[in-house]
Amino acid sequence: MPFLHDARRSITRWFVPRLFSTTSSVHLNPNNSIYVSNSVNPLFNLSLEDWLFRHKSHKEPLLLLYRDKPCVVIGRNQNPWKEVNSSASRRTGIPFIRRRSGGGTVYHDLGNTNFSIHLSRTSFDRRTTAQVVLRAVRSLGIDANVNDRNDICVGKDKVSGSAYKIVNNRAYHHGTMLISTQLETLGDLLRTNKATMETKGVASVRSPVCNLQQYNPTVTHEDFVEAAVKAFREEYGNEEDVSAVGSSAVYQRMYSMVQVQEVEETEQTAGIEYIRNGIEEIPRWDWAFGQTPEFTYTIQQSFFWGKLIARIHSKHGLILRCDFESPDAPEEVSHLLRELSTSLKGQKYAFVESSNLGEVGIAVEQHRALKDIWHWLQTAMST
């Protein structure tokens, strides 16, 4: 079974909540300015982030901090078959998830802390938000810097990758912060070899990475959260609010900047309609695979009867066509290739079984050459 079948099942098995925590928490609302999620479910956290983005007043700044169980997170406009090492995903059982922002592919685990800074579109400046995160890291005794892509680095190694989203009058900058991430696992999952897959989507820019603990072994998730909250307050807090407690509206603004709302994944919070819909949508084929931009994958293989080149064209996860080129193929094989090409049109890329191919599917079991070709194609699409 292709890894992407397994990945979809893994997303559901790992992250879709079955039993909710009974921990009581303050009623979740979008009126605070600082949120720390205690959930490690990426489906919940990504949906929470989007809910806050859509429901928080666009005029007010917001900070969200959270961690996730191990998963690969690809950008909205990326190709999972290009970005994710399927063999490593299958071996580790770690699935991929498509987020709602653009940018490149990242790896999440409990050694990584994610930050998300939301601002009005008019005041949003990615250099400024990067500086907020930089000050947080430097306050931990680490001599970090910001590169020309607004990523946080120590020396030339990245400790944080960023992505951005702008909708109407609201924008956010979110990113990772590698504290004690399993870098070997990160490398295995993000190291791919699909040079002949040409995609119209966004390609990730591979960079050397390191953990904060390589430079300060005592740094923890809690330390970074505290430092990020402090840097955020320093940048976006209003000192006048502290003394102007006579105004209830101003007091509420001041209180929201002081108060950190911890978020638990409870039946109440996960049951908020917008968040619930997000949790349900992310694992679906239409979102995980159906959002994949157009791409062409060219592969070739030698068989006992000659060499075969296949060009698989796909868009939104569906095979538009599969062109075969084999000038030395016997006429019987050429006929079967034409039939196979016709049968593949409109099928879900990497999800095709021989039973979906009609008469060609039956021939797969009866004709050695076609059986070999089909096994080759399935393997190429699913790895």
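Since the structure is predicted, the reported quantities are computational estimates derived from the model, not experimental observations. Basis for what follows: all heavy atoms, side chains included, without hydrogens, waters or symmetry-related copies.
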Would you confirm whether [X], through its side chain, and [Y], through its main-chain N or O, come within 3.5 Å as a donor-acceptor pair?
X	Y	result
Lys82	Met197	yes
Asn147	Cys153	no
Gln378	His375	no
Arg138	Ala144	yes
Asn211	Thr181	yes
Gln182	Asp109	no

Query - Face-on cation placement of Arg54 at Tyr274 ring, 6.0 Å and 45° thresholds - result: no
Salt bridge or not between [X] and [Y]? Use side-chain N to carboxylate O under 4.0 Å.
X	Y	answer
Glu331	Arg338	yes
Lys230	Glu226	no
Glu49	Arg99	no
Glu281	Arg100	yes
Arg206	Glu83	yes

Under 3.5 Å donor-acceptor pairs involving side-chain atoms of residues 296-310, not counting sequence neighbours:
{"residue": "Thr296", "atom": "OG1", "partner": "His313", "partner atom": "ND1", "Å": "3.0"}

Flag side-chain contact, heavy atom, 4.5 Å: [X] against [Y]:
X	Y	answer
Phe224	Leu65	yes
Ile152	Val146	yes
Asp125	Gln131	no
Leu48	Ser37	yes
Glu264	Phe44	no
His221	Arg67	yes
Tyr35	Ser116	no
Leu320	Lys345	no

**Report entry** Partner of Leu344 by side-chain contact (heavy atoms from CB on, under 4.5 Å), out of Val352, Asn356, Val360, Ile312
**Finding:** Val352
**Report entry** Test applied, side-chain contact (heavy atoms from CB on, under 4.5 Å); reference residue, Thr129; option that passes from Phe115, Tyr236, Phe232
**Finding:**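 Exactly one candidate clears the test, Tyr236.
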Query raised in the report: With no hydrogens and no angle check, do the side chains of Ser33 and Glu60 hold a donor and an acceptor under 3.5 Å apart?
Result: no
Query - Criterion side chain to side chain contact (heavy atoms under 4.5 Å, CB included) on Leu340 and Leu357, from CA distance to verdict - result: CA-CA 8 Å; Leu340 179 58; Leu357 301 178; 3.9 Å; yes
Report task. Output the rest of the hydrophobic cluster of Phe53: all Ile, Leu, Val, Met, Phe, Trp and Tyr residues reachable through side-chain heavy-atom contacts under 4.5 Å, sorted by chain and number. Result -> Val167, Tyr172
Query raised in the report: Is there a chain of hydrophobic side chains (I, L, V, M, F, W, Y, each step under 4.5 Å between heavy atoms) that links Ile117 to Ile166?
Result: no
Query - Under the salt bridge (Lys or Arg N to Asp or Glu O under 4.0 Å) test, residues paired with Arg276 that sit two or more places apart - result: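 In terms of salt bridge (Lys or Arg N to Asp or Glu O under 4.0 Å), with neighbours along the sequence ignored, Arg276 is linked to no residue.
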Query raised in the report: When rounded to the nearest 0.5 angstrom, what is the spacing between CD in Glu235 and CG in Leu63?
Result: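 Going from CD on Glu235 over to CG on Leu63, the span is 12.0 Å.
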Report task. Mind checking the CG-OG spacing from Leu62 to Ser120? Nearest 0.5 Å is all I need. Result -> 12.5 Å
